[in-house]
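This report refers to the structure that appears directly beneath it.
Computed over heavy atoms, backbone and side chain alike; hydrogens, waters and symmetry mates excluded.
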Amino acid sequence: MTDAALKDESQRPAEPAVLDDVPGWFWDHDRHSFDWFMGRQEKAGVTGDLLEMGAYLGRSAIVIGEHLQPGESFTVCDLFDSDAPDDENAAEMDTSYRKSLTRSAFEVNYLAFHEELPEIIQAPTSALAGGRIAAGTFRFIHIDASHLYEHVVGDLQVARVALQDQGVVVLDDYRSQHTPGVAAATWGAVFNHGLKPIMLTECKFYGTWGDPEPFQRDLLDRVDLAEGCYLSSETLNGQQVLRMTGSSDGIDAFRPSRHHRRLASEAARNEASQSRRAAQEAQEEAARDLAARRARAAELRRPANVAKRAARDLLPPVVTAVIRRARRG
């Protein structure tokens with residue numbers, strides 16, 4: 001193999017065996033919530049397109065793609081390894097994403113779980129405005145792109161136009177200390193632009209510009225909700241808001257990737273090989289130790305050394321001490 005080929009091989013993104021192998025910040029409660037909202041739509045016969053703004057390396061996109069029905073489209077919009085449109089966005093990417101975020105890594109991860117890629121728009125999410133995507137055709141939109149206030153406001157405006165009447169929008173990082181712009185844009189949309197909260201998890205806000213009550217009723221009735229997921233309710237400016245807490249013990253694991261069996265076999269072979277190497281090294285070390293002890297024993301059995309030991313043992317201590325001092329000069 002040439003040096004160039006070896007370099008290309010070393011730089012190739014690693015194939016994931018399971019969803020947790022895909023880097024990202026997408027926890028079990030939100031994975032279960034994504035499944036719950038989209039699954040509820042599908043059981044009710046609701047059809048519509050899916051959209052993710054900001055995909056990172058594909059962890060949440062893989063889950064969204066699992067719910068793609070015949071006749072629907074799934075669109076992912078992300079800068080990936082393109083240049084950011086402004087200095088603030090560029091600084092944000094350089095701080096958090098630039099070293100690891102590439103389109104090729106996203107594609108490797110996504111294709112490990114699905115036969116085809118979604119429609120990818122490699123551009124800032126502002127490119128979706130102005131009719132780039134059809135109005136009123138989307139049933140589920142996940143916003144996890146820039147954390148800058150002005151950008152999130154624009155993403156919410158795109159989502160409002162794109163969603164169906166009872167479509168669901170999810171915003172990431174609506175309450176994190178390092179993302180005040182997302183919090184301001186999210187609650188600004190709630191108090192000023194008709195966005196209605198359905199449910200909050202630790203990391204994500206789930207809302208609609210339609211009627212949140214049917215979603216909340218099914219959630220409180222625990223329709224298809226995993227054990228260990230607990231809901232509490234409070235009123236915010238006259239609107240009910242649910243909060244999900246609890247453990248993830250009752251949430252089923254996401255299905256493994258197409259590479260799982262091969263990677264598991266490779267891992268088992270590597271572990272066996274490492275065990276054999278460790279055993280061989282231990283045997284070699286034991287053999288070296290035995291050889292050293294035999295050499296020391298043979299040295300002690302040499303006639304001159306035997307005579308010295310005998311003299312040392314038989315002569316009086318005073319005479320032995322005089323001989324030693326004489327040898328030292």
Side-chain angles (χ1 to χ4, degrees), residues 13-78 103 105-121 133 137-145 159 162-164 166-172 198-199 201 203-204 206 208 215 218-219 223-229 244 248-264:
E15 295 167 332
V18 294
L19 189 65
D20 284 348
D21 291 340
V22 179
W25 305 268
F26 187 56
W27 315 122
D28 286 342
H29 276 119
D30 287 304
R31 177 172 60 80
H32 176 53
S33 298
F34 275 40
D35 285 333
W36 190 91
F37 278 97
M38 287 183 280
R40 182 185 183 278
Q41 291 172 332
E42 291 145 23
K43 288 181 179 179
V46 175
T47 60
D49 298 328
L50 311 172
L51 172 63
E52 180 162 71
M53 302 187 211
Y56 190 48
L57 295 177
R59 195 164 178 173
S60 55
I62 289 164
V63 175
I64 295 173
E66 191 78 354
H67 290 272
L68 187 62
Q69 301 178 103
E72 296 179 339
S73 67
F74 177 27
T75 302
V76 167
C77 181
D78 197 296
R103 178 168 175 171
F106 170 86
E107 292 178 350
V108 165
N109 290 331
Y110 192 89
L111 290 174
F113 295 87
H114 299 287
E115 294 293 334
E116 296 180 356
L117 289 168
E119 178 187 352
I120 296 176
I121 299 175
I133 57 175
T137 63
F138 289 80
R139 62 182 173 100
F140 189 90
I141 296 178
H142 180 214
I143 298 176
D144 188 13
L163 278 173
Q164 301 171 355
Q166 283 296 99
V168 175
V169 62
V170 184
L171 289 111
D172 186 64
I198 301 172
M199 184 183 75
T201 63
C203 298
K204 296 186 188 291
Y206 296 76
T208 182
F215 297 101
D218 284 353
L219 284 165
V223 177
D224 297 324
L225 198 64
E227 292 183 13
C229 293
M244 179 184 285
S248 59
D249 292 343
I251 299 174
D252 293 335
F254 194 77
R255 64 179 176 84
S257 81
R258 69 176 74 249
H259 308 302
H260 181 267
R261 182 174 297 178
R262 173 177 57 80
L263 293 172

Which atom pair, heavy atoms only, marks the closest approach of [X] to [Y]?
X	Y	result
V76	A61	CG2-CB, 4.4 Å
Q164	G48	NE2-CA, 3.3 Å
F254	I62	CE2-CG2, 3.7 Å
G167	T208	O-OG1, 2.8 Å
S257	P16	OG-O, 2.5 Å
A55	F106	CB-CE1, 3.8 Å

What residues form a side-chain hydrogen bond (donor to acceptor under 3.5 Å, both in side chains) with [X], not counting sequence neighbours?
X	answer
S33	none
R255	E66
H32	none
S73	D49

> Can you tell which of V170, V168, L163 makes a side-chain contact (heavy atoms from CB on, under 4.5 Å) with I141?
Replying inline: L163
Would you compute the distance between atom [atom1] of [X] and atom [atom2] of [Y] and round it to the nearest 0.5 angstrom?
X	Y	atom1	atom2	answer
D78	M53	CG	CE	12.0 Å
W25	C203	CH2	SG	11.5 Å
T201	M244	OG1	CE	7.5 Å
E52	I120	CD	CD1	11.0 Å

> Quick one: side chain to side chain donor-acceptor pair (under 3.5 Å) pairs with a partner in residues 105-117, sequence neighbours left out?
Replying inline: R103-E107
>> A quick test of your reading: do over 12 heavy atoms of other residues, nucleotides or ligands sit less than 6.0 Å from CD of E42?
In response: yes
>> Please evaluate residues K204 and H142 with respect to the criterion side-chain contact (heavy atoms from CB on, under 4.5 Å), reporting the C-alpha separation (whole Å), side-chain torsions for both, the decisive distance (0.1 Å), and the verdict.
In response: CA-CA 10 Å; K204 296 186 188 291; H142 180 214; 3.0 Å; yes
>> Using modelled atom types and a 3.5 Å cut-off, is there a donor and acceptor pairing between side-chain atoms of D144 and backbone atoms of D172?
In response: no
>> Between Q69 (side chain only) and V46 (backbone N and O only), is there a donor and an acceptor less than 3.5 Å apart?
In response: yes
>> Suppose we screen for ring-ring contact (aromatic ring centres under 6.0 Å, His included). Which residues come up paired with F37, at least two apart in sequence or across chains?
In response: Y206, F215
> Under the ring-ring contact (aromatic ring centres under 6.0 Å, His included) test, which residues partner F26, sequence neighbours left out?
Replying inline: F34
>> Filter on salt bridge (charged side-chain N to carboxylate O under 4.0 Å, His left out), then keep only pairs touching residues 27-36, sequence neighbours left out; what's left?
In response: D28-R31
> Given the rule in the side-chain contact (heavy atoms from CB on, under 4.5 Å) test, do R40 and D218 qualify, once you have shown the distances and angles that lead to the verdict?
Replying inline: CA-CA 9 Å; R40 182 185 183 278; D218 284 353; 2.9 Å; yes
> How would you list, by chain and number, every residue that makes a side-chain contact (heavy atoms from CB on, under 4.5 Å) with D252, sequence neighbours excluded?
Replying inline: none
> Mind checking what makes side-chain contact (heavy atoms from CB on, under 4.5 Å) contact with L50, not counting sequence neighbours?
Replying inline: M38, I64, L68, F74, R139, F140
